[in-house]
Number of protein chains: 4
Amino acid sequence: MTASKNKARIPVQKRSIETREKILNAAWELFAEKGYFKTNTNELAERAGIATGSFYGYFNNKKEVGIELMRRFYKEASEKALSNFYIQIGNNVAENLDTGRKLVRFIIKSLKESHAINPMLHKETTALILLDEDVRKISKEEDKKIITFLITFLQQYKQLIRVDDIEAAAIMLFRISDEIIHRIMINKEEIEEERLLGELEDMICSYLFITVT
Amino acid sequence: MTASKNKARIPVQKRSIETREKILNAAWELFAEKGYFKTNTNELAERAGIATGSFYGYFNNKKEVGIELMRRFYKEASEKALSNFYIQIGNNVAENLDTGRKLVRFIIKSLKESHAINPMLHKETTALILLDEDVRKISKEEDKKIITFLITFLQQYKQLIRVDDIEAAAIMLFRISDEIIHRIMINKEEIEEERLLGELEDMICSYLFITVT
Amino acid sequence: MTASKNKARIPVQKRSIETREKILNAAWELFAEKGYFKTNTNELAERAGIATGSFYGYFNNKKEVGIELMRRFYKEASEKALSNFYIQIGNNVAENLDTGRKLVRFIIKSLKESHAINPMLHKETTALILLDEDVRKISKEEDKKIITFLITFLQQYKQLIRVDDIEAAAIMLFRISDEIIHRIMINKEEIEEERLLGELEDMICSYLFITVT
Amino acid sequence: MTASKNKARIPVQKRSIETREKILNAAWELFAEKGYFKTNTNELAERAGIATGSFYGYFNNKKEVGIELMRRFYKEASEKALSNFYIQIGNNVAENLDTGRKLVRFIIKSLKESHAINPMLHKETTALILLDEDVRKISKEEDKKIITFLITFLQQYKQLIRVDDIEAAAIMLFRISDEIIHRIMINKEEIEEERLLGELEDMICSYLFITVT
DNA sequence: AATGAATGAGAATTCATTCAT
DNA sequence: TATGAATGAATTCTCATTCAT
């Protein structure tokens, strides 16, 4: 079951890679339009402009597409975040509280951007994580990467930070930011985005840093 | 209104109410065992000890059972929380920070207990909220109730609280606590429960209250 | 795999038994017309005058129908043979060679009749036995019954029979008669049926009985 | 003629003949491992070390490979039998009963060896003969050759043989020996091989020859 | 009201064969 | 000639819901 037949090719030729890409793009669109569960492999193939059977030359099933897309999602989001990060904050270790707040703001902004990439897909992915063991495993791995990054990051700010348990703090930081942004994007809390994000920022800052401005 | 056939009766007779109850209990069990999606109506009926067709005398479709169950879930959780609340904290307005931290601790504990009622069902419900518009609507209503309660509650603590936007604070409080507990219950973060909950408590206290002990 | 889901009902009610019978009759016809492999479950349902899904209420898959049919085939054939047997030969132990030859003739005739019931189905069943482990197992059981019967039978003729190894003789008797008849029915040997059956009779008689007339 | 595209070349060049051979060897292996029906053309090509499409340069379809293999099977078996035959029995016409029994023993042994070449393949071929008209035709032709040989052969033993209808006898001889050996090889009758083969020999001898030793 | 058989639209997947490169 | 990606009809099986009894 786990290590199944794996009949799907690993494409190397340009044409194959393109077809694989076509499938992923179709899935990206369709999952965003109708959601993962309401999209079937036939539609997927049709939208990709290929035959039903061709789909199975590239993926063993729909879930594999979902997982690949989730991976890309994570990758795109974290790459975007990281690249922006060094532009905005720079490589220098933060020296003052202002930088601390800037940092928090930046983290929130980055996560928000990542959610904005494809909100429906993000939502579907979140559901899939809840419903499927395999998907959950992958998402955990990816989350781990982000958290690890946050840990090393927070450690650079050590002198500013009043929290002892950096690891727990990083997890907290990631989870609550992600959750609040998720709520804003999807569930449309009956409250203005700015108010909620403002409080989120305040909360994190008051938690992380010795004095709150 | 227009489209809904609504053939399911609202049972008044004792026997009917019992049958309805049997269905809900069966669903509670099965959704917990295999999840909402992997349970089919035949199993549901069988477990409830009724005929397949009889199910539709009590519910218009499978989703309705899910929604009803979710409602009960919320109700059970919040009733439990509220009843415990007044026993522990009392009706008196809090007068010191100690009470503040106690309050936070209590909220966390209550939420945790609500998650513990039926973790699998909670997970499935969460997924369903993401995937289904109707379910989402109901959950919003229920969330609203909780948030409203938290707002009135926080207002009683006004003099201890440094936050201006009580409404946003209540939402934050609810969302992040719920999320962190959810992660602990389901995803098994690679961190000890106590550490994470400790930080959560700290974070909320440092955010809500003027001075952190 | 072996002891699978078994979702098919075991029908008790008259209506259910009728439907099951309709499916088996449809299969009997279709397997005879187009063969087992070229018939699919949709056709089977259609011919039976039921919906596709209904089929799966009675059988878990096509193979189950095949096995059931094979069982009936065996049963019908052996019941026919046995009932005829006592009418023709009577219950008395044979006393002369004439009875011996009569017996052989009768066995051949019975087997021939069983093949004639539904030649195509018989052919398909034979193929299925070769190709499918489960089917092979069942056919072995059924064959065993026939062979056991032949053994007890030959033992009644002991004083006429020159063969020591009655068990081996019974198996031989069954297998070669079946094979020759099968060839006549299906493969249409380029030889007249009577000639071949005549030789078969001679061969068995000269093998079994002390003197050949 | 009309419908057959016959695009597969008849290879003459050494390299082409080698490729064809590679395909046949792959099929020989795979059909023996998994059977004809469970082997697909992709596997076949892969095992042969060629591209999927290339397969159709050498054979018009999968069935053709099966037929070719069956032909080789027959050829290999009969060649083996024949070559051994003249070594063991010699060209001289048999002069005594001992030679008669020797002959029978030899025929049985030869058939047994032919079954032993590749039992699984033999089984699959037998099924294919039952299921496919074309395959059946070819097998009939090949069987005819064997039977013809047996006829000429038995005629050489005329003075020892009590049977009038030599043709029918030859067919009988072939069919029953083949069947019994087939049962021994594949179906594993619940009886020791030696017992069954011993009876087979006895039966044929008592049938063919005037006096049984 | 209860029963449980019947429905039938779907969905996933396979694979012999073709065809563009 | 060789390649291997593409084809798409075909097949199996599921399940929420309906309906005759």
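From a predicted model like this one, the values you see are computed outputs, not experimental measurements. Labels below follow one simple rule: chain letters A, B, ... track the order of the sequence lines, proteins then strands, and each chain is numbered from 1.
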| message | According to ring-ring contact (aromatic ring centres under 6.0 Å, His included), who are the partners of Tyr58(C), at least two apart in sequence or on a separate chain? | response | none
| Lys/Arg-Asp/Glu bridge criterion (N-O < 4.0 Å) met for Glu68(D), Lys62(D) | no
| task | For DNA chain F, determine which residues of residues 28-49 of chain C have any heavy atom closer than 4.0 angstrom to one of its atoms, and list them numerically. | result | Asn40(C), Thr41(C), Asn42(C)
| message | I need the CD1-P distance between Ile50(B) and dT3(E), as an integer number of Å. | response | 7 Å
| query | Given atom CG of Asn61(C) and atom C1' of dT11(F), what is their separation to the nearest angstrom? | reply | 13 Å
| query | Over how many whole Å does the gap from Tyr56(D) atom OH to dA16(E) atom P extend? | reply | 6 Å
| query | When you check the phosphate oxygens OP1 and OP2 of dA6(E), does a side-chain N or O of Tyr58(C) lie under 4.0 Å from one of them? | reply | yes
| request: Please identify each residue that fulfils side chain to side chain donor-acceptor pair (under 3.5 Å) with Glu64(D), with sequence neighbours left out. | output: Asn60(D)
| note | Of Lys63(D) and Lys22(C), the one whose nearest nucleotide on DNA chain E sits closer to the 5' end is Lys22(C)
| query | Base, sugar-phosphate, or nothing for Thr19(A), non-hydrogen atoms under 4.0 angstrom? | reply | sugar-phosphate
| field | ring-ring contact (aromatic ring centres under 6.0 Å, His included) partners for Phe59(B), two or more places apart | value | Phe55(B)
| In terms of the angle between their ring planes, are Tyr36(D) and Phe31(D) parallel, tilted or perpendicular, with boundaries placed at 30° and 60°? | perpendicular
| request: For Phe55(A) and for Ser54(B), find the nucleotide of DNA chain F with the closest heavy atom, then tell me which residue's nucleotide is more 5'. | output: Phe55(A)
| Glu18(A) CD to dA5(F) C1': how many Å, rounded? | 13 Å
| Does Glu133(B) come within less than 4.0 Å of Arg136(B), counting only side-chain N to carboxylate O? | yes
| To the nearest Å, how far apart are Asn60(C) CG and dC13(F) P? | 9 Å
| message | Side chain of Thr52(C) only, heavy atoms from C-beta on: which candidate in dA9(F), dA9(E), dA5(E) is closest? | response | dA9(E)
| said: Testing the basics here: between Ser139(D) and Met70(D), what is the closest heavy-atom pair and its distance to 0.1 Å? | reply: N-CE, 3.7 Å
| message | Classify Gly53(B) by what it touches in the nucleic acid, base, sugar-phosphate, or nothing, heavy-atom distance under 4.0 Å. | response | base
| field | Spacing of Phe59(A) atom CZ relative to dT13(E) atom P, expressed in whole Å | value | 14 Å
| query | On DNA chain F, nearest-nucleotide positions of Lys62(B) versus Ala51(A): which is more 5'? | reply | Ala51(A)
| message | Would Glu43(C) and Leu30(C) count as a side-chain contact (heavy atoms from CB on, under 4.5 Å) here? Give the steps. | response | CA-CA 8 Å; Glu43(C) 284 173 291; Leu30(C) 280 169; 4.3 Å; yes
| message | Which heavy atom of Ile50(C) sits nearest to which heavy atom of Ser54(C), and what is that distance? | response | CD1-CB, 3.8 Å
| task | Send over the distance from Ile17(D) CD1 to dT1(F) C1', rounded to a whole Å. | result | 16 Å
| query | How would you list, by chain and number, every residue that makes a side chain to side chain contact (heavy atoms under 4.5 Å, CB included) with Lys137(D), sequence neighbours excluded? | reply | Asp134(D)
| query | For the pair made of CD in Glu64(B) and C1' in dA16(F), what is the distance, rounded to whole Å? | reply | 13 Å
| said: Run through DNA chain E and report every stem of 3 or more consecutive Watson-Crick or G-U pairs, distances under 3.5 Å, ordered by first number. | reply: E:2-21 with F:2-21
